[in-house]
Amino acid sequence: MKALNLKSMSWIMALAMMFIVSFTGCSDDDGENTPGEKIEFPTLQEATCNADGTITISFKATVDWKLTSNAGWCKFVDGEFTQSSITGKAGEQTITAKISGDGQNYSDDNVAEITLTLGEKEQVIYKITRPKKVFNGLTIKDENGNVYNTENPIIIKGSGYEKIDVVYTTILTESEFEVGISTSENPDWIKVENKGEGKFNLTFNNDNTEGIDPKYSISTEKGHKLVFGVQTTNEGLINVSVPVAYEGLKENVLLFKPEYINALTVNPEGTVFTETSSGSMGSTEGVKYENQLSSTITVRDDKFHVLKITEIKTPAMSTYFYTYDVTQEPDWVTVVEEGTKLTLTVAALPEGAELRGAAILVIPEVIWNKIKDTDLQATLFTRDNDNGAPMDYLNDEYVDYMWTHFTQEPKEDEPEPTDDITLKAFYTNVSIDDWNSITTDRLIPFEGEDNLIEKSTNFFADFETIPNPTNNIWNAYFDKQLLHDKKSVLFQINGNIPAGYDVGTINYGNWYYGFGPDNRERYIDVEFSTKTIEGNKYIIITGKDGKNITITDTQISIGVSIYDETIDNMKAAVECVIGLF
């Protein structure tokens with residue numbers, strides 16, 4: 001029986017121990033979920049606060065808590081007092097931290113860490129940055145008196161690439177102490193020139209070691225600062241920094257490489273561009289470019305606008321006159337942009353089509369944004385109607401943006417000038433109002449030595465300044481009195497006039513006749529016209545006011561000519577150089 005009883009007791013005790021273990025385990029699980037005992041810390045927050053400011057710190061505590069600041073300048077408000085630590089019971093909490101200026105200096109920002117203790121655990125829940133003290137003993141301004149600061153950063157103006165095209169950003173400083181700019185603490189792309197008396201000139205340093213290209217802008221987001229050093233008596237050296245940026249290459253600068261300076265012609269197939277260059281005897285054929293034109297553009301931030309416009313080229317008075325129409329884009333010209341590289345090609349000229357021309361402007365985006373909504377024709381060009389034919393001039397501020405201009409015209413078989421054309425000269429002794437009623441018997445021929453017309457045998461020796469002469473050169477001399485009182489001198493053209501050639505003036509200068517009563521230079525005022533009288537073609541010179549002529553010059557020639565684009569001048573079948581006595 002004794003052994004049986006021991007067995008029974010062991011079984012009973014084992015059962016009891018199981019109940020105890022089971023109870024203890026349930027109690028612990030329930031404790032983890034009981035409100036007020038579970039420990040959770042709020043997410044770390046960071047803030048900036050200036051001296052004499054306050055920050056509100058909010059959190060929820062499930063147990064008794066304690067806040068501690070590790071900085072003497074950051075304390076918690078507890079009634080009428082401030083202290084470095086503060087405690088409280090579980091629940092929702094809102095605590096005010098007060099920031100003082102204790103220990104603040106001009107060179108360093110300070111950071112305070114706020115630690116929350118819950119039970120036996122602690123964690124930093126707040127970081128408060130107090131910025132360094134602002135030095136009020138220095139004012140930094142631009143030339144217009146605007147103050148530079150964090151909200152108004154210094155913007156370094158853009159210069160051109162040439163030394164003569166430098167633009168300075170002038171900084172004016174005001175302080176009772178000596179002010180300097182430390183080159184060692186500032187960005188290498190800024191060049192500083194101390195002009196004395198608190199004045200500094202700033203430019204972009206093209207030779208910077210950082211390899212920054214002067215054409216690209218630098219925003220304030222890059223975080224660059226310009227550091228001014230102020231040597232005080234009691235604080236020592238104080239550094240004051242202002243955000244600095246760079247606007248990029250000078251806004252109106254745009255460069256082409258290579259350049260196409262001269263006017264070009266394009267063959268009808270659109271495969272060869274040819275430029276001409278001017279010489280003392282007219283223009284000669286120059287460089288040829290096969291299939292396309294190509295240039296690399298240098299401009300601020302690589303941003304530009306390509307403008308294709310129609311060019312109208314008119315030959316007149318031994319030269320070309322150009323006009324432009326910005327409303328018509330030449331769709332036969334293709335310009336491909338690949339980054340900063342431009343490539344231009346031209347379509348073939350359709351059979352039977354007339355001469356056509358185009359001009360390509362490449363404008364910096366900054367400038368384009370300023371003018372794109374204006375009257376572009378008036379903004380870009382000025383028209384001159386006073387030189388015998390309309391002529392458009394690109395306004396000075398846009399001249400550098402002309403990439404190229406060219407014409408494409410059909411190929412023609414040009415007739416060769418002939419030397420079988422002869423001239424005769426006549427004059428009238430009265431003013432003629434109606435040439436339709438004039439017959440040849442009313443024309444008085446040049447005779448003798450007083451009024452002379454003859455074919456020249458040594459033209460170049462006598463008239464070296466006349467460009468591109470034909471071999472069929474004539475000289476005419478007559479008394480200036482023949483043009484007085486609206487009388488006329490006539491030149492009869494005899495022979496076959498080649499197809500395409502015009503009859504009229506070739507080199508229309510001025511006959512000078514001295515000074516008038518107001519001491520201003522005077523010129524003969526004449527009119528040129530062409531008439532057919534009894535089947536013969538005449539060039540007629542009629543005087544308007546030729547009295548009191550005292551000095552003569554030979555600057556006028558007439559004849560039969562055609563404009564030759566290959567020499568960029570007139571080609572004559574016959575030319576007569578006129579002199580007065």
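The structure presented is a predicted model; accordingly, all values stated were derived computationally and were not measured. Excluded from the calculations below are hydrogen atoms, water molecules and symmetry mates; all remaining heavy atoms, backbone and side chain alike, are included.
A distance-only check finds no donor-acceptor pair linking the side chain of N475 to the backbone of E454 [under 3.5 Å]. Side-chain atoms of N472 come within 3.5 Å of backbone N or O of I421 as a donor-acceptor pair. Side-chain atoms of E143 never come within 3.5 Å of backbone atoms of T170 as a donor-acceptor pair (strictly under, hydrogens ignored). Checking side-chain atoms of D479 against main-chain N and O of L482 turns up no donor-acceptor pair under 3.5 Å. A donor-acceptor pair is defined here as one N or O able to donate and one able to accept, closer than 3.5 Å; such a pair exists between the side chain of R300 and the backbone of E247. Q408 places a side-chain N or O within donor-acceptor distance of the main-chain N or O of A347, the cut-off being under 3.5 Å. Of the possible polar contacts, none joining the T530 side chain to the V503 backbone as a donor-acceptor pair under 3.5 Å is found. The closest donor-acceptor contact from the side chain of N205 to the backbone of D188 lies under 3.5 Å. Under the 3.5 Å distance criterion, the side-chain polar atoms of T310 are matched with a main-chain donor or acceptor of Q328.
Neither side chain, T532 nor N536, offers a donor N or O lying under 3.5 Å from an acceptor on the other. Between the side chains of E397 and N395, not a single donor N or O lies within less than 3.5 Å of an accepting N or O. For the residue pair T323 and D392, no side-chain donor N or O sits within less than 3.5 Å of a side-chain acceptor on the partner. In the model, T379 has a side-chain atom that pairs as donor or acceptor with a side-chain atom of T374 under 3.5 Å. In the model, S217 has a side-chain atom that pairs as donor or acceptor with a side-chain atom of D301 under 3.5 Å. If you check the side chains of W435 and D433, you find no donor sitting under 3.5 Å from an acceptor. A donor and an acceptor atom, one from each side chain of S159 and K250, are nowhere located under 3.5 Å apart. In summary, the side chains of N494 and Q492 do present a donor paired with an acceptor at a separation below 3.5 Å, with no hydrogens or angles considered.
Rounding to the nearest 0.5 Å gives a distance of 9.5 Å between CD1 of I190 and CZ of F204. Distance check: L380 CG to L394 CG gives 6.5 Å after rounding to the nearest 0.5 Å. If you take NE2 on H224 and CG on L226, they are separated by 12.0 Å, rounding to the nearest 0.5 Å. Between the CD1 atom of I155 and the OH atom of Y246 there is a distance of 12.0 Å, given to the nearest 0.5 Å. Expressed to the nearest 0.5 Å, how far CD1 of I432 lies from NZ of K531 amounts to 12.0 Å. Once rounded to the nearest 0.5 Å, the distance linking NE2 of H305 with CD1 of I371 reads 8.5 Å.
In this structure, the ring of Y260 has its center no less than 6.0 angstrom from the ring center of H405.
The residues D302 and K215 are annotated as salt-bridged, a charged nitrogen and a carboxylate oxygen being separated by less than 4.0 angstrom. Taking a cutoff of 4.0 Å between a charged side-chain nitrogen and a carboxylate oxygen, K486 and E527 do not qualify as a salt bridge. Salt-bridge check for E311 with R356: failed, with every basic side-chain N at 4.0 Å or more from each acidic carboxylate O.
Side-chain contact between I558 and F528: present, with at least one pair of heavy atoms (C-beta onward) separated by less than 4.5 Å. With a 4.5 Å cut-off on side-chain heavy atoms, L344 and F273 count as touching.
For residues 322-334, the pairs satisfying salt bridge (charged side-chain N to carboxylate O under 4.0 Å, His left out) are K308-E329, with sequence neighbours left out.
Closest approach of L255 and Y161 over heavy atoms only: CD1-CD1, 3.7 Å.
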